[in-house]
Amino acid sequence: MARLQPLGRRFYQRDTVAVARGLLGKVLVRRLPEGIVAVRLVEVEAYLGVADRACHTFGGRRTPRTETMWGAAGHLYVYFTYGMHHCANVVTRRVGDPQAVLLRGAVPLLGRELMAARRGGRDGSDLLTGPARLTRALGIDRSLDGADLTTGADVFLADDGFRRSADWTMALPRVGIAYAGEATAWPLRFVLAGRGGRRRGAGSARRR
DNA sequence: GACCAGATGTACT
DNA sequence: GTACATCTGGTCT
């Protein structure tokens with residue numbers, strides 16, 4: 001894993017669903033003060049911008065929080081939710097077309113101890129399953145909102161040659177967006193089958 | 001498996 | 001000022 005090259009801007013400028021599928025199996029590398037950690041993405045969700053009721057930019061909403069999504073592809077969009085959790089997204093498409101892919105789950109490749117330490121010593125099959133667990137284990141917060149993923153700096157995505165077959169990719173309804181009307185059922189959540197994806201299905205959607 | 005509380009930033013009135 | 005959020009961890013059954 002010594003010489004991973006960051007994915008280029010063009011990878012992110014494609015159709016959001018294509019980017020989401022393409023991200024499965026890719027390696028997310030994070031440089032922490034304590035060392036380098038790396039994980040393989042196994043679960044993501046696509047958010048399709050102004051036409052997607054579940055998306056922060058639905059209807060053209062543009063606020064300080066969502067500004068990163070409105071910018072160039074290949075940047076990290078990090079937001080804070082439920083008063084205590086951070087979630088990380090990858091911005092896709094082009095400037096002015098605010099779409100993104102939420103990183104929901106991964107499996108550890110390198111630096112597992114560092115990640116477990118950041119999660120308060122918890123280490124188990126749920127170390128990286130769930131968007132907020134992922135960001136916590138990788139030390140991702142609002143300070144990384146807008147970070148460029150193509151430079152290979154603090155955080156970036158890379159291809160280490162891992163090849164998933166299309167047969168191993170599942171498309172499922174998204175999670176936690178019961179408020180989103182018809183968009184709730186759109187199959188925009190992609191999971192690498194047979195890998196640590198979460199078992200909790202769409203059925204766990206909260207009241208509210 | 002089901003259910004609930006938690007803590008606060010963000011959007012909107 | 002108010003409502004709610006791309007969720008998690010803990011408890012109860």
Side-chain angles (χ1 to χ4, degrees), chain A residues 12 16-17 19-21 23-24 28 39 41-71 75-93 97-108 115-147 170-191 196-208:
Chain A
Y12 302 100
T16 301
V17 169
V19 175
R21 286 181 175 279
L23 283 174
L24 290 179
L28 176 61
V39 304
L41 296 177
V42 297
E43 185 172 352
V44 299
E45 274 181 14
Y47 285 85
L48 305 184
V50 299
D52 181 356
R53 190 173 287 277
C55 187
H56 288 167
T57 56
F58 174 68
R61 242 179 327 190
R62 186 167 187 165
T63 66
R65 179 173 69 147
T66 64
E67 194 58 32
T68 300
M69 270 183 86
W70 287 87
H75 290 258
L76 199 61
Y77 167 48
V78 182
Y79 65 87
F80 187 71
T81 190
Y82 287 100
M84 59 190 109
H85 302 302
H86 292 280
C87 294
N89 298 247
V90 172
V91 179
T92 62
R93 305 292 287 184
D97 191 355
Q99 304 192 26
V101 177
L102 170 66
L103 309 182
R104 290 197 66 90
V107 292
M115 294 186 274
R118 281 187 173 261
R119 290 212 49 233
R122 296 164 195 284
D123 190 358
S125 60
D126 66 348
L127 179 65
L128 298 167
T129 59
R133 293 193 186 116
L134 185 62
T135 54
R136 177 132 191 229
L138 293 176
I140 293 173
D141 60 26
R142 286 283 291 172
S143 70
L144 281 173
D145 182 42
M170 295 189 296
L172 305 166
R174 290 175 293 184
V175 174
I177 55 165
Y179 59 89
E182 62 174 33
T184 305
W186 294 353
L188 296 176
R189 173 175 159 226
F190 302 99
V191 178
R198 80 162 51 187
R199 287 134 293 281
R200 228 204 290 179
S204 73
R206 323 292 286 147
R207 77 248 111 104
R208 249 187 239 227

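Scope of the values below: all heavy atoms of this structure, side chains included, with no hydrogens, waters or symmetry mates. In what follows, every chain begins at residue 1, and chains take the letters A, B, ... in the order their sequences are listed.
- For Tyr82(A) and dA3(C), the OH to C1' distance is 13 Å, given to the nearest whole Å.
- Taking the side chain as every heavy atom from C-beta outward, Val78(A) and Cys87(A) never approach each other to under 4.5 Å.
- In terms of position on DNA chain B, the residue among Phe80(A) and His85(A) whose nearest nucleotide sits closer to the 5' end is His85(A).
- Using a 4.0 Å heavy-atom cutoff across all strands shown, Ala132(A) reaches sugar-phosphate atoms only and no base atom.
- What separates NE2 of His86(A) from C1' of dA7(B) is a distance of 12 Å, to the nearest Å.
- OP1 or OP2 of dC12(B) sits under 4.0 Å from a side-chain N or O of Arg61(A).
- For the pair Arg142(A) CZ and dA5(C) C1', the interatomic distance rounds to 14 Å; values are reported in whole Å.
- Shown here are the salt bridge (charged side-chain N to carboxylate O under 4.0 Å, His left out) partners of Arg53(A), two or more places apart in sequence or in another chain: there are none.
- Residues Pro98(A) and Val50(A) meet the side-chain proximity criterion, which asks for heavy atoms closer than 4.5 Å.
- If you take CZ of Phe58(A) and P of dC12(B), they are 12 Å apart, rounded to a whole angstrom.
- The salt bridge (charged side-chain N to carboxylate O under 4.0 Å, His left out) search around Arg65(A) returns none, not counting sequence neighbours.
- Applying the side-chain contact (heavy atoms from CB on, under 4.5 Å) test between Asn89(A) and each of Val44(A), Leu76(A), Val101(A), Leu102(A) identifies Leu102(A) as the sole match.
- Taking every heavy atom of both residues into account, Leu103(A) and Leu41(A) meet most closely at CD2-CD1, 4.0 Å.
- Both Arg65(A) and Gly83(A) lie near DNA chain B, and the one whose nearest nucleotide falls closer to the 5' end is Gly83(A).
- When side chains are defined from C-beta on, Phe190(A) counts as touching Val17(A), because their heavy atoms get closer than 4.5 Å.
- A close approach under 4.0 Å does not occur between any side-chain nitrogen or oxygen of Arg136(A) and OP1 or OP2 of dC7(C).
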Using the 3.5 Å cut-off, write out each protein N or O paired with an N or O of nucleotides 10-13 of chain C and the distance between them.
from	atom 1	to	atom 2	distance (Å)
dG10(C)	OP1	Arg122(A)	NH2	3.2
dG10(C)	OP2	Arg122(A)	NH1	3.4

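- Side-chain proximity of Met84(A) to dA5(C), dC7(C), dG6(B): nearest is dG6(B).
- Every residue meeting the salt bridge (charged side-chain N to carboxylate O under 4.0 Å, His left out) condition with Arg62(A), not counting sequence neighbours, appears here in chain and number order: Glu67(A).
- Atom CE in Met69(A) sits about 16 Å away from atom P in dT10(B), given to the nearest Å.
- Protein atom OH of Tyr79(A) is 14 Å distant from nucleotide atom C1' of dC4(C), rounded to whole Å.
- Here Arg104(A) reaches the OP1 or OP2 of dC7(C): one of its side-chain N or O atoms lies under 4.0 Å away.
- Listed by chain and residue number, Met115(A), Arg119(A), Leu128(A) satisfy the side chain to side chain contact (heavy atoms under 4.5 Å, CB included) test with Ala137(A) (two or more places apart in sequence, or in another chain).
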Bracket notation of DNA chain C in which parentheses pair within the strand, [ ] cross earlier pairs, and | pairs with another strand (Watson-Crick or G-U, under 3.5 Å): |||||.||||||.
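- At the heavy-atom level, Arg62(A) lies nowhere under 4.0 Å from the strands shown.
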